[in-house]
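These figures come from a predicted structure and were not determined experimentally. In the text below, chain A, chain B and the rest are named by the order of the sequence lines, each starting its count at 1. Note: hydrogens, waters and symmetry copies are ignored here, and every other heavy atom, side chains too, is used.
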Amino acid sequence: MATETTAAQHVEPLALEEAGMCVDANGGAIGMPQLCFDWFPNQMFWLAVTLVVIFLVLSRVALPRIAAILAERQGTITNDIAAAEDLKAKAVEAEAAYNQALADARTEAQVIVAKAKADIQAELDVAIQKADAEIAAKSAESEKAIAEIRAGALDSVKAVATDTAAELVSVLGGSVDAKAVDAAVASRLKG
Amino acid sequence: MASESMGVEHVSEESGLVFHPMDQFIVKPLFGDGPIAWYTPTNVTLWMALAVLAIIALMVLSTRKRAIVPGRGQSIAELAYGFVYKMVEDVTGKDGIKYFPYIMTLFLFIVCANFLGLIPGSFTTTSHLAVTVVMALAVFLTVTVLGFYLHGVSFLKLFWIEQAPLVLRPILALIEVISYFVRPVSHSIRLMGNMMAGHAVMKVFAAFAGLAVIAPVSVLAISAIYALEILVSFIQAYVFAILTCVYLKDALHPQH
């Protein structure tokens, strides 16, 4: 029995295959179904239909659409990059302008500071000169007053000395000779 | 005949393992089960239609809004577009761009069919020789006709390598001709073989899950193979498309 079945296994599918059958009585495959020529026309026909349908769908609808999408995206990206570069250039320009303005303002400020310093210096100089002049005038005046006072004081001293000398002479019982007293006072004051 | 095939089933049931790794590739009519004529709607029709719907959803519905800032769906559509467009441009040059929709069609069909085939219980249309051979032959014939149309007889310079020494040129020409005619074979069998092998391997591991002892290993193995298959699904679509570009480049610029 066992040998018979193995023999059957070996012989039967071959016999069936030779008879041009691709499927055994149980619906199992005999050999390679790929080599069953009965099925070739069917597969070839449906493959042709399939490929034609796919080709039409792709070439009429899908591929032009995707090409358009990609082209549009490329265009958008190019535009965006151009716009971005434009904006960047503008930003650089703005920065340069800002720096320029800053530098200008600094120079101007320095000029103003220098001018203010010079003005103040000039005013100060004038004021100092004026003050010096005033001080000189005042001191001259003062010196004059002091000289006057000194002269006045000398005169007073002379008068007081003369008076006192006359008084002393009279108290001591002498006769007062005005000329002699003056001369005596004058010679003493000189000494 | 019936009793004998029952016997086969009986033996596999006894061992507890049922291997039918190739049954997933059987083409069945969608309605009834008569003979399969060329026009019969079959599971091939169904899964190819689903691939078409997936492509429409991805490439048309998701780009409906034409957003400047894309959503998720639109991003994927744009990625796919950019990916294939750049591939065509890089490989074939500027004058290959007009063939971009054809290559996009092939790439999207293969990638969608491959990924749909990864859904458990689905039917993988790209695992069938008939499908890949038609695509590979279409590419081969188009490229050959285009080469002769654009360059006339000088298209044959493709096989006459002028940089090589004169003695070697006939030998190289023979090799080049052989490799040129092998292109559609390798082009189609690479895709079909990868898809079929991966799915068959998953089925085999799934059958091993019937034994409780090795079931955990089997489940882990299926997960690993499934992850690999996701990668393979994309890579094979990419390989098919880039080879198409390479062949197209030969037609556009036959001089090496």
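- Two residues are said to be in side-chain contact when any heavy atoms from C-beta on lie closer than 4.5 Å; B:Thr63 and A:Ile69 meet this criterion.
- Here B:Glu78 pairs with A:Arg73 in a salt bridge; the nearest charged N to carboxylate O distance falls below 4.0 Å.
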Test side-chain hydrogen bond (donor to acceptor under 3.5 Å, both in side chains) applied to A:Gln34 and B:His128, step by step | CA-CA 5 Å; A:Gln34 279 84 355; B:His128 272 265; 4.8 Å; no
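- Looking at A:Met44 and B:Val131, their side chains never come closer than 4.5 Å, going by heavy atoms from C-beta outward.
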May I have the step-by-step check of side-chain contact (heavy atoms from CB on, under 4.5 Å) for B:Phe100 and A:Leu63, ending in yes or no?
-> CA-CA 10 Å; B:Phe100 162 65; A:Leu63 299 184; 3.9 Å; yes
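- Contact of B:Tyr81 with chain A is made through the side chain alone, with heavy-atom distances under 4.5 Å.
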Show the numbers, then the answer: is there a side-chain contact (heavy atoms from CB on, under 4.5 Å) between A:Glu72 and B:Arg66?
-> CA-CA 10 Å; A:Glu72 200 185 338; B:Arg66 296 161 196 264; 5.5 Å; no
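- The side-chain contact (heavy atoms from CB on, under 4.5 Å) with B:Thr105 is formed by just one residue from the set A:Leu58, A:Val52, A:Leu56; it is A:Leu58.
- Contact of A:Ala67 with chain B is made through backbone and side chain together, with heavy-atom distances under 4.5 Å.
- Interface remark: B:Leu58 contributes no atoms to any contact with chain A (heavy atom separation under 4.5 Å).
- Contact count versus chain A (heavy atoms, under 4.5 Å) is highest, among B:Thr40, B:Val134, B:Val52, for B:Thr40.
- Between the CD1 atom in B:Ile36 and the SG atom in A:Cys22 there is a gap of 8.5 Å [rounded to 0.5 Å].
- At a 4.5 Å heavy-atom cutoff, the contact between A:Thr50 and chain B is made by backbone and side-chain atoms alike.
- If you measure heavy-atom distances from A:Leu47 to chain B, the contacts under 4.5 Å come from both the backbone and the side chain.
- Heavy atoms closer than 4.5 Å to chain A are found in both the backbone and the side chain of B:Ala77.
- The line from OH of B:Tyr102 to OG of A:Ser59 is 7.5 Å long, rounded to the nearest 0.5 Å.
- Residue B:Ala51 does not touch chain A at all, counting heavy-atom pairs closer than 4.5 Å.
- We find the CH2-OG1 distance between A:Trp39 and B:Thr42 to be 10.0 Å, quoted to the nearest 0.5 Å.
- Counting heavy-atom pairs closer than 4.5 Å to chain B, the top residue among A:Pro33, A:Pro41, A:Ala48 is A:Pro33.
- Within a 6.0 Å radius of CZ in B:Phe205, other residues, nucleotides and ligands contribute 12 heavy atoms or fewer.
- A:Leu70 touches chain B through its side chain: at least one heavy atom from C-beta onward sits under 4.5 Å away, while N, CA, C and O do not.
- Side-chain contact between A:Leu51 and B:Met135: present, with at least one pair of heavy atoms (C-beta onward) separated by less than 4.5 Å.
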How far apart are the C-alpha atoms of A:Phe45 and B:Tyr39, what are their side-chain angles, what is the distance that settles it, and do they pass the ring-ring contact (aromatic ring centres under 6.0 Å, His included) test?
-> CA-CA 7 Å; A:Phe45 169 68; B:Tyr39 52 84; 8.1 Å; no
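- When every heavy atom of A:Phe55 is checked against every heavy atom of B:Pro101, the shortest pair comes out as CE1-CB, 3.7 Å.
- A donor-acceptor pair is defined here as one N or O able to donate and one able to accept, closer than 3.5 Å; such a pair exists between the side chain of A:Arg65 and the backbone of B:Val60.
- A:Asn42 CG to B:Trp38 CH2: the interatomic distance, rounded to the nearest 0.5 Å, is 10.0 Å.
- In terms of heavy-atom pairs under 4.5 angstrom with chain A, the leader among B:Ile68, B:Leu106, B:Val44 is B:Ile68.
- Comparing B:Met48, B:Gln24, B:Gln74 by how many heavy-atom pairs each has under 4.5 Å with chain A, the most go to B:Met48.
- Ranked by heavy-atom pairs under 4.5 Å with chain A, the list B:Pro70, B:Pro35, B:Pro21 is led by B:Pro70.
- For B:Asp23 (side chain) and A:Gly28 (main-chain N/O), no donor-acceptor pair under 3.5 Å exists by modelled atom type.
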